[in-house]
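Keep in mind it's a predicted model, so treat the numbers as computed, not measured.
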Amino acid sequence: MDNPMATPAQARVDLAAIRHNVALLKERAGGAELMAAVKADAYGHGLVPSSRAMLAGGAAMLGTAFVSEALELRAAGITAPVLSWLITPGEPLDEALQAGVELSASDEPLLDEIAAAARRTGRAARTHLEADTGMSRGGSPLAAWPGLLRRALELQAEGAVEIAGLWSHLACADIPGHPAIDAQLESYETALKLAEQAGAAGSHVIRHLANSAATMTLPRAHYDLVRCGIATYGLSPIPEQGDFGLRQAMTLVARIAMTKRVPEGSGVSYGHLYVTDRETTLALVPLGYADGILRHATGKAEVLAGGRRRLVAGRVCMDQFVIDMGDDPLLAGEEVILFGPGAQGEPTAQEWADNLGTITHEIVTRIGSRVPRVYEGWGP
Ligand SMILES: *Cc1c(COP(=O)(O)O)cnc(C)c1O
């Protein structure tokens, strides 16, 4: 058995693949710097080891949704610039400023909260102002943008805030040719022009707009910094356009808990959605929906077991599911691969996403905390 740690399942993360992907994205980004999006436990890959690999691969900055995620990076001793962009009123921002975490603001009330924390801590808050250029998620509507700029400049004059970035997010960069792309680029240009006119767009202010898809396909969106998530983990931001030379970092494996022969006509798992059509060998895989194997994978997703693909047979349960081996041998303790880069014939994360009608982001971020992340490829 090639698994030294006899856990029921593991998510193996190839850090060399992450470094390769970051380097490849940096090349695609031309002269722009790269921020690695490591929110949601680095898309399920493990926050701290993945972040270190991102930095080793050439990322200049890390990005998280929540402040708590940025503080976890600091607690691990990571000193690289970090931006958090999803802040809810009343969060303890003092700690963020003391830890040197850069903060995003989309409206004046949050900007005032950030400034108050800066006054309390005596630390000027490096702040990235977010414009809503057409995604209608976070960000300041352009109508409110001049007011936000004015307030930020006042707070900057006072020494509480330092305008560090001007940014926005694209809604349709993964749909090449979508009319919203040009509309958002134009709107972002307008936001930048307003900032220039207000005196808030000095040469040290970082302009950033692109996600992974835009980094790969929209040079006009690169500006000073690109924010890449999914592609750094080796998952294609635009699956219809192939893998862009990215290497999938995560391989999800499980060790068979038990096998048994059952007669023809055996109903398998809850609801008996699968019934054996002959005498056969069933094998029990110790991963379930609590571990991120969507219940919806019932009868849809495949795993590589005993050298061949096998469908999930019957309902995925909370902790386990069953595969039907027919007459092929498989022993308890042997390893099966749910998904990986595909080199051994296993399904890729993209195949899982396609079979389940979702995106790879959801496949990898849902892998639960019960599944240990095991790291490979630490070396240079
Ligand atoms: C998650 C996220 C990204 C990264 O997006 P990918 O499509 O995974 O590259 C970039 N910017 C923001 C604001 C995000 O929330």
Just wondering, more than 12 heavy atoms not from [X] lying within 6.0 Å of its [atom1]?
X      : atom1 : value
Met318 : CE    : no
Phe66  : CZ    : no
Glu113 : CD    : yes
Glu376 : CD    : yes

Using a 3.5 Å distance criterion without hydrogens, assess whether the side chain of [X] forms a donor-acceptor pair with backbone atoms of [Y].
X      : Y      : result
Thr276 : Ser266 : yes
Arg255 : Glu334 : no
Arg247 : Leu235 : no
Thr251 : Gly340 : no
Arg28  : Met216 : yes
Asp41  : Leu47  : yes
Thr190 : Glu186 : yes
Ser212 : Ala231 : yes
Ser236 : Asp243 : no
Arg373 : Val371 : yes

For the residue pair [X] and [Y], confirm or rule out a side-chain donor-acceptor distance under 3.5 Å.
X      : Y      : answer
Ser140 : Asp132 : no
Glu351 : Asn355 : no
Thr133 : Ser187 : no
Thr281 : Thr259 : no

Among the clusters formed by ILVMFWY side chains lying less than 4.5 Å apart, do [X] and [Y] turn up in the same one?
X      : Y      : result
Ile363 : Val312 : yes
Leu284 : Val316 : no
Ile367 : Trp352 : yes
Leu294 : Val303 : yes

Salt bridge flag under 4.0 Å for residues [X] and [Y]:
X      : Y      : value
Glu154 : Arg151 : yes
Asp94  : Arg119 : no
Glu264 : Arg278 : no
Glu279 : Arg261 : yes
Glu335 : Arg12  : yes

Heavy-atom closest pair, residues [X] and [Y]:
X      : Y      : answer
Thr217 : Ala173 : OG1-O, 4.3 Å
Leu62  : Ser51  : CD1-CB, 3.8 Å
Met325 : Thr280 : C-OG1, 4.3 Å
Leu148 : Ala105 : CD2-O, 4.1 Å
Leu170 : Ala214 : CD1-CB, 3.7 Å
Glu91  : Leu86  : OE2-O, 3.9 Å

Distance, nearest 0.5 Å, that separates [atom1] of [X] from [atom2] of [Y]:
X      : Y      : atom1 : atom2 : result
Trp145 : Leu194 : CH2   : CG    : 9.0 Å
Thr64  : Lys39  : OG1   : NZ    : 9.5 Å
Gln248 : Glu346 : CD    : CD    : 8.0 Å
Asn211 : Leu218 : CG    : CG    : 8.5 Å
Gln156 : Glu158 : CD    : CD    : 11.5 Å
Leu73  : Ser84  : CG    : OG    : 8.5 Å

Can you name the one residue among Thr232, Ile78, Leu34, Asn21 that meets side-chain contact (heavy atoms from CB on, under 4.5 Å) with Met54?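 Single pass found, and it is Thr232.
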For a side-chain contact (heavy atoms from CB on, under 4.5 Å) with Pro237, tell me which candidate from Ile359, Ile230, Thr360, Thr215 qualifies.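 Result: among Ile359, Ile230, Thr360, Thr215, Ile230 is the only option passing the side-chain contact (heavy atoms from CB on, under 4.5 Å) with Pro237.
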Residues which pass side-chain contact (heavy atoms from CB on, under 4.5 Å) with Ala124, listed by chain and number, not counting sequence neighbours: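 With sequence neighbours excluded, Ala124 shows a side-chain contact (heavy atoms from CB on, under 4.5 Å) to no residue whatsoever.
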Considering residues at least two apart in sequence or located in another chain, which fulfil the side-chain contact (heavy atoms from CB on, under 4.5 Å) criterion with Val205?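 In terms of side-chain contact (heavy atoms from CB on, under 4.5 Å), with neighbours along the sequence ignored, Val205 is linked to Ile163, Leu166.
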Where at least one partner belongs to residues 205-246, residue pairs that pass ring pair (Phe, Tyr, Trp, His ring centres under 6.0 Å), sequence neighbours excluded: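 Residue pairs passing ring pair (Phe, Tyr, Trp, His ring centres under 6.0 Å), neighbours aside: Tyr43-Tyr233, His45-Tyr233, His128-His208, Trp167-His208, Tyr188-Tyr223.
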Sole residue of Arg310, Arg309, Arg308 in salt bridge (Lys or Arg N to Asp or Glu O under 4.0 Å) with Glu302: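 Among the candidates, only Arg309 passes.
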Evaluate Gln98 against Thr121 for side chain to side chain donor-acceptor pair (under 3.5 Å), listing each step before the verdict. CA-CA 7 Å; Gln98 275 153 352; Thr121 57; 5.5 Å; no
Apply side chain to side chain donor-acceptor pair (under 3.5 Å) to His272 and Arg315, showing your working. CA-CA 8 Å; His272 281 183; Arg315 275 267 186 251; over 6 Å; no
